[in-house]
Amino acid sequence: MPSSNGSEASPSFLLAGLPGLEGLQCWLSIPLCSAYVVAVAGNSAVLLAVRLEPGLHAPMYLFLCMLAAVDLALATATVPRTLSFYWFDSREIGLGACLLQMFLIHALSAVESAVLLAMAVDRYVAICHPLRHAAVLTTGTTAKVGLLALARGVIFFLPLPLLLLPLPFCGSRALSHSFCLHQDVMNLACANTTPSVVYGLTAILLVMGLDALLICLSYVLILRAVLRLAAWRERLKVFSTCVAHICVVLAFYVPLIGLSVVHRFGKDLAPLVHVVMGNVYILVPAVLNPIIYGVRTKQIQRRILSLIHITDRTPR
């Protein structure tokens, strides 16, 4: 029940649909559902292929497994809830569920950023210090990096929902995305949000911003080492081992930057742009990552094809 100050003890929020296309939401959800199915199938196939192929038990592919697991978790934390809204008109989401979803999105994005940085370091060591690669990046070290990435994501982004939890929410409860993001929810609070603004910006800069700078630095060092090689064919051969990782980095950071720009400067844009950019940010990396590494890695291709062949021959 509303209190005297116009806020509620346990408020709820309204997820954004497809403004202007409400009558077609059920049909337009089909591409979203298809992308989610592709993301789940592709990332599950990568996890299974690396698990079953001994030749892929190397740091780069263990990091790829972490990336696939994060993409699965991130897509599953958002897309099914969005589809339930599109299909069953279940637009309302409670404060607790919204804050949990917000935490998962930001924390898992931080983990993905850390894994991309670890993969960049793996490429740097493999190219610039090949004799030390096996000693530096062992299986144990890879596992520790994954645990540190998870811990960092939780530690840095757990305060975000805790800072929003005690705030009163009054007036409009309509979100600008089909899921909950920190800045989106924060803008609906009718109280001083300065601590939340400052902490959120600091966390983003110290996590995603620093990771992006270190990834760029690693590739500057890789490029310098590659250019020292005498033959162009040798340069291309060495640098081609980084192509898949560069594509994955772009698939993650370009939608992230685009969504940040829309939040910061897109107040006059059509509401549909916010919804589409949010879905692109969630689904593009999850859909493209297994495709990129599946195309670039013959061992993953062979293992996935063998699994499909075995499935086709299973008696029904």
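Sequential numbering from 1 along the given sequence is applied to the chain's residues. Reckoned from all heavy atoms, side chains included, excluding hydrogens, waters and symmetry mates. Quick caveat: nothing in here was measured; it's all calculated off a predicted structure.
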At what distance, to the nearest 0.5 angstrom, does [atom1] of [X] lie from [atom2] of [Y]?
{"X": "L56", "Y": "L62", "atom1": "CG", "atom2": "CG", "value": "9.0 Å"}
{"X": "L205", "Y": "L210", "atom1": "CG", "atom2": "CG", "value": "9.5 Å"}
{"X": "I246", "Y": "L116", "atom1": "CD1", "atom2": "CG", "value": "12.0 Å"}
{"X": "C26", "Y": "W87", "atom1": "SG", "atom2": "CH2", "value": "8.0 Å"}
{"X": "R51", "Y": "H57", "atom1": "CZ", "atom2": "NE2", "value": "6.5 Å"}

Which pair of non-hydrogen atoms, one from [X] and one from [Y], has the smallest distance, and what is that distance?
{"X": "L167", "Y": "L163", "result": "CG-O, 3.7 Å"}
{"X": "G294", "Y": "I300", "result": "CA-CG2, 4.2 Å"}
{"X": "I282", "Y": "A75", "result": "CG2-CA, 4.2 Å"}
{"X": "A110", "Y": "D211", "result": "O-OD2, 4.5 Å"}
{"X": "Y253", "Y": "M208", "result": "OH-O, 3.7 Å"}
{"X": "I93", "Y": "Q101", "result": "CD1-OE1, 4.3 Å"}

Closer than 3.5 angstrom, by distance alone: can the side chain of [X] be matched with the main-chain N or O of [Y] as a donor-acceptor pair?
{"X": "E112", "Y": "L67", "answer": "no"}
{"X": "S196", "Y": "T193", "answer": "no"}
{"X": "T76", "Y": "L72", "answer": "yes"}
{"X": "R235", "Y": "L229", "answer": "yes"}
{"X": "T82", "Y": "S178", "answer": "yes"}
{"X": "T78", "Y": "L74", "answer": "yes"}
{"X": "S44", "Y": "A41", "answer": "no"}
{"X": "N187", "Y": "Q183", "answer": "yes"}
{"X": "Y61", "Y": "V46", "answer": "no"}

Less than 4.5 Å apart, side chain to side chain, heavy atoms only: is that true for [X] and [Y]?
{"X": "D122", "Y": "H133", "result": "yes"}
{"X": "C242", "Y": "I127", "result": "yes"}
{"X": "Y281", "Y": "L256", "result": "yes"}
{"X": "K237", "Y": "R233", "result": "no"}
{"X": "I215", "Y": "M119", "result": "no"}
{"X": "M60", "Y": "R123", "result": "yes"}
{"X": "R81", "Y": "L15", "result": "yes"}
{"X": "V248", "Y": "F252", "result": "no"}

Which atom pairs, donor and acceptor, lie under 3.5 Å between side-chain atoms of residues 142-150 and protein residues at least two apart or in another chain?
from	atom 1	to	atom 2	distance (Å)
T142	OG1	T138	O	2.8

* Please determine, by modelled atom types, if H177 and H263 share a side-chain donor-acceptor pair under 3.5 angstrom. =>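 H177 vs H263: donor-acceptor pair found between side chains.
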* Do D184 and H274 have a side chain donor and acceptor closer than 3.5 Å? -> no
* To do: Sequence neighbours left out, what pairs pass ring-ring contact (aromatic ring centres under 6.0 Å, His included) with at least one residue falling in residues 214-250?
  =>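 Those involving residues 214-250 are Y219-H245.
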* Asked: Taking the inter-plane angle between the rings of H106 and F157 on a 0 to 90° scale, is it parallel (under 30°), tilted (30 to 60°) or perpendicular (over 60°)?
  -> parallel
* Asked: Are F169 and F13 near enough that their ring centres are under 6.0 Å apart?
  ->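 Yes, ring centres under 6.0 Å apart.
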* Asked: Which pairs pass disulfide (SG to SG under 2.5 Å) with one or both residues in residues 86-166, sequence neighbours excluded?
  -> C98-C180
